[in-house]
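Below, chain A is the first sequence line, B the second, and so on; all start at residue 1. Values reported hereafter were calculated over all heavy atoms of this structure, with side chains retained and with hydrogens, waters and symmetry mates removed.
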Amino acid sequence: MQFRLTNTLTREKQTFTPIDPNNVGLYVCGVTPYDNSHIGHARAYVVFDVLYRLLRHIYGENHVTYVRNFTDIADEIIKRAAERNEEPTALAEHHIQSFYADMDALNVLRPNIEPRVSTHIGSMVEMTDELLAKGYAYVTPSGDVIYRTQKFPRFGQLARRKLDEQQHGSRVAEDTEKESPNDFVLWKANAKSATKMEQAFNPKDYGAQHFSAPGRPGWHIECSAMSRQHLGPTFDIHGGGEDLQFPHHCCEIAQSEALLPAGQPMANYWLHNGFITVGGTKMSKSLGNFTTIKDALQKYSPEAIRLWLLQTHYRKPVDYSDEALKAAQQRANRWQRISEEIMPDHLLNVPLPKEFIEALADDLNTSEAMAILESWPDKIGKVRMMQFLGLLVRAQSMEESPEEIQLLLDRKKARIEKNFPESDRLRDLLKEEHGIIVEDGPNGQTWRRA
RNA sequence: GGCCGGAUGGCGAAGUGGUAACGCUACGGUCUGCAAAACCGUCAUGCGCGGGUUCAAAUCCCGCUCCGGCCUCCA
């Protein structure tokens with residue numbers, strides 16, 4: 001079987017060959033936990049969840065290491081914590097738990113390792129120090145450590161940027177302490193920062209030789225340091241949203257590859273997912289046009305949201321609209337009914353159809369995979385595929401209340417007595433007031449939650 | 001200004017040379033007290049526009065139009 005992925009480095013679909021099939025490494029940039037996650041985040045993590053499931057299927061459950069970080073030290077967190085008169089660590093922790101709740105609801109598997117910036121300061125200080133020692137960084141008068149992009153000619157290559165053609169400073173004031181406008185911060189000295197942290201980290205405590213100003217790590221260094229620590233200097237796949245291509249991933253490459261022998265890459269394959277848009281415009285916090293995962297889950301089932309996200313190829317934009325979600329909900333409901341006919345333990349030894357895996361192995365063609373599922377002849381096979389895609393959430397069917405049970409009994413009785421006006425009234429009542437859909441089949445009355 | 005990407009039926013969406021998957025909606029039918037569900041069937045002579053290559057193009061080439069993204073933090 002061919003396993004191919006579109007590599008942003010080459011912009012081509014390439015055959016995936018792991019460095020070590022017994023230990024495939026996947027690193028995906030995680031969230032900055034300062035607010036509830038929106039469905040744009042959901043897309044990224046659902047997409048990479050499917051990739052993770054596929055890698056585990058191909059190479060074995062214990063032969064994939066999936067690392068996804070939490071940027072729990074960041075300006076946004078410090079700023080918001082100050083606004084709310086809260087401890088930054090408490091704010092971050094709160095939102096990490098919120099993120100977990102969302103991911104669990106969407107049936108996103110937990111990565112193997114979820115490193116946090118706050119527990120990896122040492123790795124970052126160490127890497128910053130190495131970059132200074134090799135002349136890839138410099139210390140400014142105010143104590144910042146800045147990456148010297150001119151020393152790394154390939155800077156921006158992943159995003160195909162020609163640096164002299166960028167519009168520097170067009171949207172943000174330039175930092176006069178930088179040697180070049182492209183240079184970026186590795187270590188942010190507390191003294192200078194607009195958002196001060198009460199307890200800054202002291203580089204000396206972590207053995208820094210070449211810089212000393214207390215402060216905190218810059219944004220980009222975390223992924224370089226944490227991926228190196230957990231996956232090694234060169235690993236298989238690095239993923240994230242397409243907005244991270246530049247500058248974030250370009251900076252990561254500059255940092256990591258400056259410390260590697262010439263020609264040795266940080267990661268062999270770079271994958272980027274497309275955005276969620278709203279009326280064609282990118283969903284983002286700053287535009288305020290976002291819908292949180294929690295809000296979406298109020299209106300649609302987790303299966304419907306996952307199905308909606310996966311019906312489009314991961315690199316294309318997906319527009320969020322109630323119409324689209326409603327359509328996905330309809331399809332998800334139908335699938336749900338099929339899955340309810342199959343006992344979970346009947347799926348244990350059901351193989352996944354070859355063509356289904358082949359579709360997914362063709363650059364994660366989830367649309368094609370879903371079409372195969374749709375036209376598959378037997379239900380067990382269908383449900384097995386749903387399970388693979390993470391679409392068997394099986395929301396715990398809520399227990400009926402005594403009142404509801406009585407209404408259902410009354411309705412059943414009325415219908416047996418052919419008191420149709422009354423049975424129809426109770427059917428409507430159950431639907432409108434209790435969200436219970438009553439249906440009459442060959443075996444009598446059945447019901448389900450809407 | 002530079003770079004990147006997108007445009008397929010009413011809606012969503014797959015499809016990188018061989019004559020348009022799949023889903024939602026709609027419509028017709030079976031079933032039903034009526035519904036719902038389920039099942040069967042119907043729905044793009046056409047893939048943003050104009051040229052070109054080819055026996056053959058949604059798919060390749062050239063030129064446009066429109067929309068979006070990145071160059072600030074962003075999944």
Side-chain angles (χ1 to χ4, degrees), chain A residues 8 11-13 28-32 34-35 37-48 68 71 74-76 79 156 158-174 181-182 184 219 239-248 250 272-277 279-287 290 307-308 310-319 321 323-335 337-338 341 359 362 365-375 415 418-421 423-424 427-428 431 437-442 445-448:
Chain A
T8 307
R11 313 276 160 148
E12 282 172 355
K13 250 193 236 183
V28 174
C29 291
V31 292
T32 300
Y34 73 101
D35 203 348
S37 298
H38 59 66
I39 51 185
H41 301 107
R43 182 180 196 193
Y45 303 120
V46 166
V47 162
F48 288 108
R68 188 184 64 201
T71 306
D75 286 356
E76 300 95 312
K79 192 172 158 229
L158 174 74
R160 306 204 167 175
R161 300 302 166 96
K162 292 197 177 80
L163 299 176
D164 45 1
E165 290 169 359
Q166 299 291 298
Q167 285 191 319
H168 294 295
S170 63
R171 296 168 73 186
V172 79
E174 291 190 38
N182 295 305
F184 56 91
W219 175 40
E242 67 177 354
D243 54 347
L244 298 181
Q245 270 177 37
F246 190 92
H248 186 54
C250 289
H272 292 98
N273 66 274
F275 289 125
I276 298 295
T277 59
T281 303
K282 176 185 172 183
M283 176 178 285
S284 72
K285 288 276 166 67
S286 52
L287 288 172
F290 60 91
L307 196 152
W308 165 67
L310 294 175
Q311 71 180 354
T312 308
H313 185 86
Y314 74 93
R315 292 180 40 251
K316 284 200 170 183
V318 169
D319 202 65
S321 69
E323 192 182 11
L325 264 298
K326 278 177 188 159
Q329 184 69 64
Q330 285 299 113
R331 192 181 195 179
N333 289 154
R334 213 184 79 236
W335 287 18
R337 279 175 219 120
I338 296 169
E341 294 176 34
D362 181 13
N365 193 338
T366 46
S367 305
E368 176 72 22
M370 284 161 68
I372 289 164
L373 187 162
E374 219 36 274
S375 50
R415 185 158 183 280
K418 299 206 188 296
N419 182 354
F420 296 124
S423 72
D424 289 353
R427 182 170 64 188
D428 290 344
K431 187 181 176 191
I437 294 172
V438 181
E439 295 166 351
D440 300 308
Q445 170 177 297
T446 60
W447 66 91
R448 59 186 166 87

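Residues meeting the ring-ring contact (aromatic ring centres under 6.0 Å, His included) test with Trp308(A), sequence neighbours left out: Tyr320(A). Partners of Tyr45(A) under the side chain to side chain donor-acceptor pair (under 3.5 Å) rule, at least two apart in sequence or in another chain, do not exist in this structure. For Asp428(A), the side chain to side chain donor-acceptor pair (under 3.5 Å) test picks out no residue, with sequence neighbours left out. The side chain to side chain donor-acceptor pair (under 3.5 Å) check on Arg334(A) picks up Glu374(A), with sequence neighbours excluded. The ring-ring contact (aromatic ring centres under 6.0 Å, His included) test applied to His313(A) returns no partner, not counting sequence neighbours. Residues that satisfy the side-chain contact (heavy atoms from CB on, under 4.5 Å) test with Pro317(A), not counting sequence neighbours, are Thr277(A). Partners of Asn333(A) according to the side chain to side chain donor-acceptor pair (under 3.5 Å) rule, which considers only residues two or more places apart in sequence or in another chain, do not exist here. Under the rule for a side-chain contact (heavy atoms from CB on, under 4.5 Å), the partners of Glu341(A) that lie at least two apart in sequence or sit in another chain are Lys379(A). Lys13(A) is linked by a side-chain contact (heavy atoms from CB on, under 4.5 Å) to Arg4(A), Thr6(A), Asp362(A), Asp363(A), counting only residues two or more places apart in sequence or in another chain.
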At a cut-off of 3.5 Å, list every protein nitrogen or oxygen paired with a nitrogen or oxygen from nucleotides 8-11 of chain B, distance to 0.1 Å.
none

What are the atom names and distances for every N/O pair under 3.5 Å that joins the protein to nucleotides 25-32 of chain B?
| residue | atom | partner | partner atom | Å |
| --- | --- | --- | --- | --- |
| U25(B) | OP1 | Gln330(A) | NE2 | 3.0 |

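In RNA chain B, the stems built from three or more successive Watson-Crick or G-U pairs (distances below 3.5 Å) are B:1-7 with B:65-71, B:10-12 with B:22-24, B:26-30 with B:38-42, B:48-52 with B:60-64.
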